[in-house]
Each structure stands twice: as structure tokens, then as C-alpha cells.
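Worksheet for the structure shown next.
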Protein chains: 2
Amino acid sequence: MEGKAKKILIADDEPDILEIVSYNLQKEGYEVYTAKDGNEALEKARLLNPDLIILDIMMPRKTGVEVCEILRSQPTFQDTLIIFLTAMSDEASQIKGLETGADDYVNKPISTKVLISRVNALFRRVNHKDTEKSIRIGDIIIDPVKFLVNIKGEEMILAKKEFELVYLLASRPGRVFLRNEILSQVWGNDVIVGDRTIDVHIRKVRQKLGVDCITTVKGVGYKFDA
Amino acid sequence: MEGKAKKILIADDEPDILEIVSYNLQKEGYEVYTAKDGNEALEKARLLNPDLIILDIMMPRKTGVEVCEILRSQPTFQDTLIIFLTAMSDEASQIKGLETGADDYVNKPISTKVLISRVNALFRRVNHKDTEKSIRIGDIIIDPVKFLVNIKGEEMILAKKEFELVYLLASRPGRVFLRNEILSQVWGNDVIVGDRTIDVHIRKVRQKLGVDCITTVKGVGYKFDA
DNA sequence: TTCCATGTTAACATTCAGTTTACACAAAGT
DNA sequence: ACTTTGTGTAAACTGAATGTTAACATGGAA
């Protein structure tokens with residue numbers, strides 16, 4: 001369907017729910033991880049940096065609300081999507097949850113259909129191009145909305161990977177990106193590609209841009225000249 | 001945003017909800033009024049003529065559904081937006097609500113984030129309708145009122161989906177629309193159609209227009225050439 | 001009802017982005 | 001000099017993404 005698989009972390013103390021939900025989400029093409037209590041959820045969240053976290057509210061060793069509050073206080077998880085699973089009777093935590101910054105709620109007992117459509121809807125909402133902003137360095141403008149690079153008024157079209165590569169490097173001009181970093185950012189954490197792949201793309205980018213703005217740092221990586 | 005502040009009337013018998021929701025909507029720049037039961041909602045609706053009414057379904061002195069039915073029977077409120085708040089998450093009651101003439105529903109417990117995004121989405125949708133003015137790009141004129149496209153004086157009729165597709169793409173020439181975005185804008189958020197459907201429509205449009213003005217950005221989406 | 005226009009799907013064809021392969025070359029270490 | 005290590009470059013290869021066609025579904029009008 002699209003891009004690289006989104007990572008979802010789901011935390012619930014009922015193994016049955018974990019299994020059913022993760023099965024269904026996986027079938028939808030998501031990369032699913034599970035946690036069986038609040039602390040494990042926190043750990044794995046930090047480890048995996050998921051795109052979406054589904055938190056049961058009633059969990060041992062930190063409730064979903066507590067986990068959410070802790071995560072939201074850290075900048076890394078400011079934009080991470082969070083969905084609460086709530087029992088309908090559980091009003092106290094519900095009201096509390098209103099302010100903790102969840103993005104959506106799903107009531108128990110869970111209908112996998114409902115959950116999945118909510119998950120998809122959330123991702124759809126976030127995926128919008130408008131949220132990405134263009135980068136400008138000298139006479140080079142990198143515009144993710146129009147998906148093209150403008151050099152001194154001349155527009156050039158890059159392929160997807162090429163564009164993502166420039167966008168990454170240009171996002172922090174002068175900073176050197178290790179080959180691993182580039183791989184995990186542009187290709188995703190679990191995609192395994194050969195050694196020369198990055199080089200080839202760097203080359204294509206250099207060719208298309210015409211301007212020499214990407215510097216090789218031998219044995220380290222690449223950087224976009226400031 | 002822009003223009004004058006939209007008036008929102010929210011009716012619920014729980015003071016906490018009224019307070020939280022109205023606080024958040026006000027923060028978004030809306031002009032918010034409240035009612036604590038069905039009759040008060042009706043009164044204030046007539047008094048204020050709001051742009052949007054948020055109705056809890058379970059209220060004393062007339063339920064949300066009753067209020068909605070009464071309002072909808074009057075021409076004044078034919079175009080007023082209505083959102084239901086419902087504790088019932090089962091699909092049956094949701095469908096019933098929509099049949100009554102609601103524009104959307106939000107399940108309790110409410111996530112303010114969700115509610116606000118729905119509200120914004122609704123206004124956006126309506127705003128677009130009002131703003132439905134013809135788009136002109138080069139010799140191509142897209143007229144949503146007459147529902148036809150004029151290329152160098154020659155008029156051509158498009159089918160509904162075809163037209164909506166061009167209109168979307170042409171509304172922001174040069175901007176790349178992801179397949180997701182196209183799906184949610186043209187087909188709606190909960191309609192699930194196959195991958196190839198968009199392609200087929202794109203093809204039909206390209207055929208009918210004759211001019212090559214839609215570019216595909218592989219792995220990303222489509223855009224209307226500026 | 002039947003007819004017709006539109007929308008959707010499924011199946012197959014094609015294209016091109018992305019990757020690999022293979023080798024050339026340059027710099028640093030021995 | 002020779003080897004090692006890392007990168008540049010061109011071309012071939014592969015498959016996912018898209019194009020295309022035709023058949024099927026649906027819903028409204030005659």
C-alpha cells in the first residue's frame with residue numbers, strides 16, 4: 001500500500017487481547033510489538049520508538065494513563081499517536097485521560113474492526129503532506145509538498161528514495177550522517193540492503209542536483225554542506 | 001484560521017464535559033455556547049442560529065436524537081452541522097444517528113483531541129462547499145457549479161468521482177497528493193476501495209482531458225502540473 | 001422492469017525505481 | 001610499491017508500483 005511498515009506497540013495485561021489485536025494489525029501490514037504491563041510498555045516504547053501506542057488503561061505496574069503522561073512529558077513522544085483502551089464503566093480514569101493527550105479511545109470489549117479502522121484513520125490523518133515543511137539552504141529549496149527540489153529557480157524531480165535522502169541530509173546541514181543512520185532513516189530499521197546502495201543513490205542525487213552540495217566524509221558518512 | 005468565528009452550541013447534562021469541551025473549542029477560536037438539556041438546546045439553537053450543534057444523545061427533557069429531528073424539520077437548520085455524542089459504540093445506534101441527519105458522531109468518553117479534529121474537519125468540508133469556486137490553470141478551467149471542465153474553450157463533462165478527483169488535485173497545483181489523501185478526500189474516511197481504483201479514475205480523467213496535466217510520482221502519489 | 005451511466009474489481013502488461021554486481025580508483029597503512 | 005579499505009561509476013537485473021483493459025456491481029432514470 002505505502003511506505004515502510006508502521007510500528008505499533010500494544011500494551012494490555014490480557015494475553016488473549018494482545019494476541020487477537022496483534023494478529024489483526026499484522027494482517028493489516030503493521031509491525032506489531034506487545035507489552036503486558038505499564039513498565040514493559042514504557043521500556044519497549046523507548047526501545048522501539050513506535051508510531052502508535054495502544055494502551056489499556058487498567059494495567060498492573062503503571063496504568064495506561066500513567067504511561068501516557070510519562071511518555072508525553074518527553075519530546076520524543078510528543079507526536080507519537082496514542083490510543084486508550086477503556087472499559088466503559090471506568091469513568092474516573094476516562095476524565096483524567098482527557099487531559100493526558102491521547103489521540104483516540106476505543107471501548108472494551110474491543111471490536112477488532114472498529115480498532116483497525118480507528119488505527120487506519122489516525123495514520124491517515126497524520127500522514128498528510130501539509131505537516132512537512134520545506135527546507136531552504138542557500139539557493140536550494142527542498143519542498144516535500146510538491147516533492148521537488150528547486151535550485152536557483154530551476155525545478156528538478158527526484159525519485160522517492162533520492163528525495164528522502166536529500167531531505168534527511170538537508171534537514172541538518174553540516175551534520176554528518178553515518179551510513180547506519182541513513183539506512184535506518186531512509187530505508188527503515190529492518191530493511192537489509194547492500195553496501196553500495198547508499199553510494200549509488202548519493203551519486204544519482206549529485207548528478208541530478210548538478211551542484212556539489214553533498215560531501216563524503218570517508219569512513220564515516222555523508223553531509224549536506226551548509 | 002480565518003473569517004468570523006463560528007458559533008458552536010454544545011448540549012450535555014454533565015457539567016464537566018460542557019466545561020472541558022467548551023474550554024478547548026474556545027481555545028481553537030470558536031464562539032461556544034452551552035445547554036444542559038434538550039429543551040434548552042432547542043431554545044438556544046433558535047436564539048443563536050449556530051453553525052454547529054453538538055448534542056449528547058442521553059439528555060433529560062428531550063434526547064439528542066429528538067432535538068436533531070425537530071431542528072432538521074425546520075428549514076433554518078437544514079444546513080446546520082450536527083454532531084452526536086454517544087456512549088453507545090455499537091454500529092446500530094451510530095447509523096441511526098446519521099440517518100436522523102447528523103453530520104458526525106463522537107463516542108464517549110470524549111477525547112477532546114478527537115472531537116476538535118472532527119469539528120475542524122466538518123467546517124473544512126462545509127467551507128469547501130461554500131468556497132467551491134472554479135479553478136483556472138492555464139487554459140484549463142474547472143467549474144464545480146456547472147460540473148464541467150473547459151479546455152481551450154471546449155467543454156467536457158466528467159463523472160462525479162472523476163470530477164472530484166481533478167478538483168482535488170487542481171485545488172493545489174504542483175502539490176503531491178498521497179494515495180491516502182486522495183482516498184480520504186474523494187472517497188471518504190471509512191470507505192474502503194481497492195488500490196487500483198484511483199488509477200482507473202486517474203486514467204479516465206487523463207483520457208477525457210486529453211491534455212497531460214496529471215503527473216504520477218511513483219511510490220508517492222499524483223499531482224496536477226502547475 | 002430494463003437500460004444506461006458510473007463506480008469498482010480483478011487480471012494482466014508495462015515501466016521504472018531501487019538494488020545488486022562488478023570493477024575502477026583513491027587514500028591510508030604496512 | 002603493495003595491500004587494504006572505502007567510495008565512485010556504469011550497467012544489468014528485479015520487482016513493486018502503476019497503467020490498461022474488460023468484466024462485474026450498483027443505483028438511478030425511463
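These figures come from a predicted structure and were not determined experimentally. Naming: A, B, ... by sequence-line order, numbering from 1 per chain.
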Could you give the [atom1]-to-[atom2] distance, from [X] to [N], as a whole number of Å?
X: B:M156; N: C:dA5; atom1: CE; atom2: C1'; result: 18 Å
X: B:I214; N: D:dT20; atom1: CD1; atom2: C1'; result: 16 Å
X: B:F163; N: C:dT6; atom1: CZ; atom2: P; result: 14 Å
X: B:K160; N: D:dG28; atom1: NZ; atom2: P; result: 11 Å

key: Residue pairs involving residues 190-218 of chain A (criterion ring pair (Phe, Tyr, Trp, His ring centres under 6.0 Å); sequence neighbours excluded)   = A:W187-A:H201
Nearest listed nucleotide, side chain of B:R179, among C:dT9, C:dG18, D:dT18 = D:dT18
key: Close side-chain approach of A:Y30 to A:P50, heavy-atom, < 4.5 Å   = no
ask   = Which residues, if any, of residues 198-207 of chain B bring a heavy atom under 4.0 Å of DNA chain D?
value = B:D199, B:V200, B:R203, B:R206
key: Crowding at CZ, A:R172 (>12 non-hydrogen neighbours, <6.0 Å)   = no
Let me check something: any side-chain donor-acceptor pairs from residues 140-157 of chain A under 3.5 Å, sequence neighbours excluded? List them with distances.
from   : atom 1 : to     : atom 2 : distance (Å)
A:D143 : OD1    : A:V145 : N      : 2.8
A:D143 : OD1    : A:K146 : N      : 3.1
A:N150 : OD1    : A:G153 : N      : 2.8

request  = Could you pull out all residues at least two apart from B:D199 that satisfy side-chain contact (heavy atoms from CB on, under 4.5 Å)?
outcome  = B:R179, B:R196, B:Y222
Name the atoms and distances for all side-chain donor-acceptor pairs under 3.5 Å in residues 206-218 of chain B, with sequence neighbours left out.
from   : atom 1 : to     : atom 2 : distance (Å)
B:R206 : NH1    : B:I214 : O      : 2.7
B:Q207 : OE1    : B:R203 : NH1    : 3.3
B:Q207 : OE1    : B:R203 : NH2    : 2.7
B:K208 : NZ     : B:E162 : OE1    : 3.1
B:T215 : OG1    : B:D225 : OD1    : 2.4
B:T215 : OG1    : B:D225 : OD2    : 3.0

ask   = When you measure from the side chain of A:K44 to the backbone N and O of A:L9, does any donor-acceptor pair fall under 3.5 Å?
value = no
Please tabulate, one pair per line, each protein N/O and nucleotide N/O from nucleotides 11-15 of chain C that are separated by under 3.5 Å, including the distance.
from   : atom 1 : to     : atom 2 : distance (Å)
C:dT15 : O2     : B:K218 : NZ     : 3.3

message = Applying salt bridge (Lys or Arg N to Asp or Glu O under 4.0 Å) to B:E66 and B:K62, what does each step give before you reach the verdict?
response = CA-CA 6 Å; B:E66 288 171 319; B:K62 290 203 175 60; over 6 Å; no
